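Structure, as structure tokens:
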Amino acid sequence: MGRSSMVSVLCALVLAGCAGRAPEAARSKDSLLRVVAAASAEPSSGAPASGTAAGEAAPAHEDEVDDDDGENDDGLDLAAEPGTGARAHSPLAAMTEAQIEELLSKDPAALGPMSVGATNAGALFNGIRMPESDRWELVDPGHAWGTRETVDALDRAIGEVHRQFPGSPKLYIGHISDRDGGHLSPHKSHQAGRDVDISYFLDARHRWYQRATAANLDRERTWAFVRALVTESDVELILIDTSVQRLLKEHALKIGEDKGWLDDVFQYGSRKPRPLIRHARGHANHIHIRFYSPIAQESAVRAYSLLVKRGVIKPTAYYVRHTAKKGQTLGSLARKYGTTVEAIKRANGLRSTAIQARRVYNIPRPSSGPAAPPKHVVVPPRRLPPPRAAEASPPVHHAEAGPALGG
């Protein structure tokens with residue numbers, strides 16, 4: 001635990017009288033805000049390689065969407081690797097329920113952003129809108145809300161590209177989440193402020209949702225961006241079409257990146273069981289990034305029951321996975337599982353009622369019993385290159401080194 005976290009815990013214990021006088025302590029709003037501010041000031045960092053807590057159990061998905069049907073196959077989830085990572089911490093851990101409930105009533109923004117539940121069945125509380133910048137363009141500002149950690153990680157990774165390549169063009173940032181999270185058409189995920197759709201660096205004719213090819217992909221800038229995501233932020237997964245993975249991996253090898261490390265990062269050309277960058281149909285025209293947000297996720301775990309109690313969020317949805325068989329329809333699945341066609345469509349980001357045999361679909365089920373809080377968050381260690389490659393600063397290039405680029 002960092003020094004600021006220890007201080008915040010001690011302060012909270014004093015305020016709460018070791019949790020024995022919570023109502024009296026909760027009357028001091030300024031004191032509560034100091035507790036939150038002290039712990040929130042500690043930056044999130046790459047997690048060490050030790051830890052014992054179990055990872056969040058979220059439903060997994062298979063590829064379901066073709067490139068040309070207008071829907072995104074962004075619902076892939078990877079279960080945490082057993083025995084790795086470190087338990088996330090939230091400043092709210094130092095507070096009693098009475099203190100948290102008082103801030104929910106008087107100043108909810110002081111509790112900070114919260115990423116609630118799974119990215120395909122969650123919500124966002126106190127989200128941060130991605131700011132405007134001369135380094136990126138927001139395609140849909142009304143759906144560009146995320147956690148503070150998501151916003152900061154994007155800013156940091158894009159900034160690294162501009163450090164290496166002064167004068168780089170803007171990236172297009174598409175959907176992150178709705179202001180309050182929840183289903184965002186046409187996606188399966190993007191529900192909890194941790195998913196981002198963002199463009200590749202392309203040539204001067206670049207436009208949003210343009211397919212990346214060998215002819216137009218700016219390999220240097222795109223690899224610098226992806227490398228920064230992997231090494232300088234807590235990334236859960238990155239979805240990139242295999243054709244683009246091949247171009248980026250070949251470029252990385254050409255400039256001297258370690259092959260073993262690249263095999264651990266890329267699904268393309270690797271037999272490693274858990275690559276960080278994976279293929280999903282529909283991602284030749286944009287990158288899908290899913291971040292861990294340790295503080296926002298763990299804050300949601302701590303405050304979940306109170307958020308539900310006050311009606312701020314709905315109880316976390318419960319899903320079962322169903323592999324469709326020939327002849328089945330959404331109507332038959334709805335009758336089988338006691339739900340509705342529209343609920344299944346929302347859970348899978350479907351625009352029509354057509355389903356395909358052998359595809360896996362998420363089926364929402366009515367919640368039984370009291371609402372269960374999300375699981376505690378485990379952030380795995382960052383996948384860093386070997387020391388020799390990590391210590392060598394990437395060469396600084398200028399705009400003329402790449403293809404002709406437009407602003």
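The basis for the numbers below is simple: all heavy atoms, side chains too, and nothing from hydrogens, waters or symmetry mates. Everything numeric here is computed off the predicted structure, so don't read it as measured data. In what follows, residues are counted from 1 in the order of the sequence shown.
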Worksheet item: Is the shortest heavy-atom distance from the side chain of Gln356 to the side chain of Tyr361 under 4.5 Å?
Response: yes
Fill in: Steps toward salt bridge (charged side-chain N to carboxylate O under 4.0 Å, His left out) verdict (Glu101, Lys309)
CA-CA 10 Å; Glu101 190 162 21; Lys309 174 184 174 182; 3.2 Å; yes
Discussion item. Looking at every heavy atom in both Leu92 and Ala303, which two are closest together, and how far apart are they?
Written reply: CD1-CB, 4.3 Å
Practice prompt. Mark yes or no for whether Gln245, through its side chain, and Gln267, through its backbone, hold a donor-acceptor pair below 3.5 Å.
Written response: yes
Discussion item. Is there a side-chain contact between Ile158 and Phe225 in this structure, where contact means two heavy atoms from C-beta onward sitting under 4.5 Å apart?
Written reply: yes
Practice prompt. For residues Glu298 and His376, determine if any side-chain heavy atom of one lies less than 4.5 Å from a side-chain heavy atom of the other.
Written response: yes
Worksheet item: Can the ring centres of Tyr172 and His206 be said to be less than 6.0 Å apart?
Response: yes
Item to complete: Rounded to the nearest 0.5 Å, what's the gap from NE2 on His283 to CD1 on Ile277? Could you check?
Response: 13.0 Å
Worksheet, complete the sentence: Value for NE2 (His251) from CG (Leu217), rounded to nearest 0.5 Å, stands at 9.5 Å
Item to complete: Taking the side chain as every heavy atom from C-beta outward, state whether Ser189 and Arg290 have any pair of such atoms under 4.5 Å apart.
Response: yes
Worksheet item: Would you say the side chain of Thr147 lies within less than 4.5 Å of the side chain of Thr150, judging by non-hydrogen atoms?
Response: yes
Practice prompt. Measure centre to centre between the rings of Tyr209 and His286, then say whether the value is under 6.0 Å.
Written response: yes
Fill in: CA sep, side-chain torsions, deciding dist, call: Glu132, Arg129, salt bridge (charged side-chain N to carboxylate O under 4.0 Å, His left out)
CA-CA 9 Å; Glu132 304 287 344; Arg129 207 200 80 170; 2.9 Å; yes
Worksheet entry | Closest heavy-atom pair and its distance - Pro386, Asp258 | CG-CG, 3.5 Å
Practice prompt. Scan side-chain atoms only and decide if Trp208 and Glu137 contain a donor-acceptor pair under the 3.5 Å cut-off.
Written response: no
Discussion item. As an exercise, state the distance from NZ of Lys345 to CD1 of Ile355, rounded to the nearest 0.5 Å.
Written reply: 12.5 Å
Item to complete: Nearest 0.5 Å please: distance from the CZ atom of Phe266 over to the CG atom of Leu248.
Response: 5.0 Å
Worksheet item: More than 12 heavy atoms of other residues, nucleotides or ligands under 6.0 Å from CZ of Arg179: is that the case?
Response: no
Practice prompt. Indicate yes or no: at least one non-hydrogen side-chain atom of Trp223 is less than 4.5 angstrom from one of Val226.
Written response: yes
Worksheet item: Does His279 use its side chain to pair, donor to acceptor, with the backbone of Asp241 at less than 3.5 Å?
Response: no
Fill in: With Ser299, the side chain to side chain donor-acceptor pair (under 3.5 Å) member among Ser293, Ser115, Ser90
Ser90
Worksheet item: Can any side-chain N or O of Gln328 pair as donor or acceptor with the backbone N or O of Lys325 at less than 3.5 Å?
Response: yes
Worksheet item: Could you go step by step and tell me if Arg382 and Glu232 meet the salt bridge (charged side-chain N to carboxylate O under 4.0 Å, His left out) rule?
Response: CA-CA 8 Å; Arg382 292 179 185 172; Glu232 299 183 24; over 6 Å; no
Item to complete: Decide yes or no for Ile176 and His143: does some side-chain heavy atom of the first lie under 4.5 Å from some side-chain heavy atom of the second?
Response: no
Discussion item. Tell me if a side-chain donor or acceptor on Asp218 pairs with a main-chain N or O of Glu220 at a distance below 3.5 Å.
Written reply: yes
Practice prompt. In sequence, state the C-alpha distance, the side-chain angles, and the governing distance for Tyr337 and His322, and then conclude on ring pair (Phe, Tyr, Trp, His ring centres under 6.0 Å).
Written response: CA-CA 10 Å; Tyr337 289 103; His322 178 90; 5.6 Å; yes
Worksheet entry | Basic-acidic side-chain contact under 4.0 Å: Arg156, Glu160 | no
Response to the item:
The reported gap from NZ in Lys272 to CG in Asp263 (rounded to nearest 0.5 angstrom) is 6.0 Å
Fill in: Shortest non-hydrogen contact from Leu138 toward Pro131
CD1-O, 4.1 Å
Worksheet entry | Pairwise distance CG(Leu384) to CH2(Trp261) - rounded to 0.5 angstrom | 8.0 Å
Worksheet item: Can you name the closest pair of heavy atoms from Thr339 and Ala343 and give their distance?
Response: OG1-CB, 3.4 Å
Discussion item. Could you report the tightest heavy-atom contact between Ala224 and Phe165, atom names first, then the distance?
Written reply: CB-CE1, 3.8 Å
Worksheet item: If you take all heavy atoms of Pro169 and His162, which pair is closest and at what distance?
Response: O-NE2, 4.0 Å
Worksheet item: What about His175 and His288, are their ring centers closer than 6.0 Å?
Response: no
Worksheet item: Between Arg194 and Thr119, do the side chains contain an N or O donor and an N or O acceptor separated by less than 3.5 Å?
Response: no
Item to complete: Evaluate the side-chain proximity of Gln191 to Asp178: yes if any heavy-atom separation is below 4.5 Å, no if none is.
Response: no
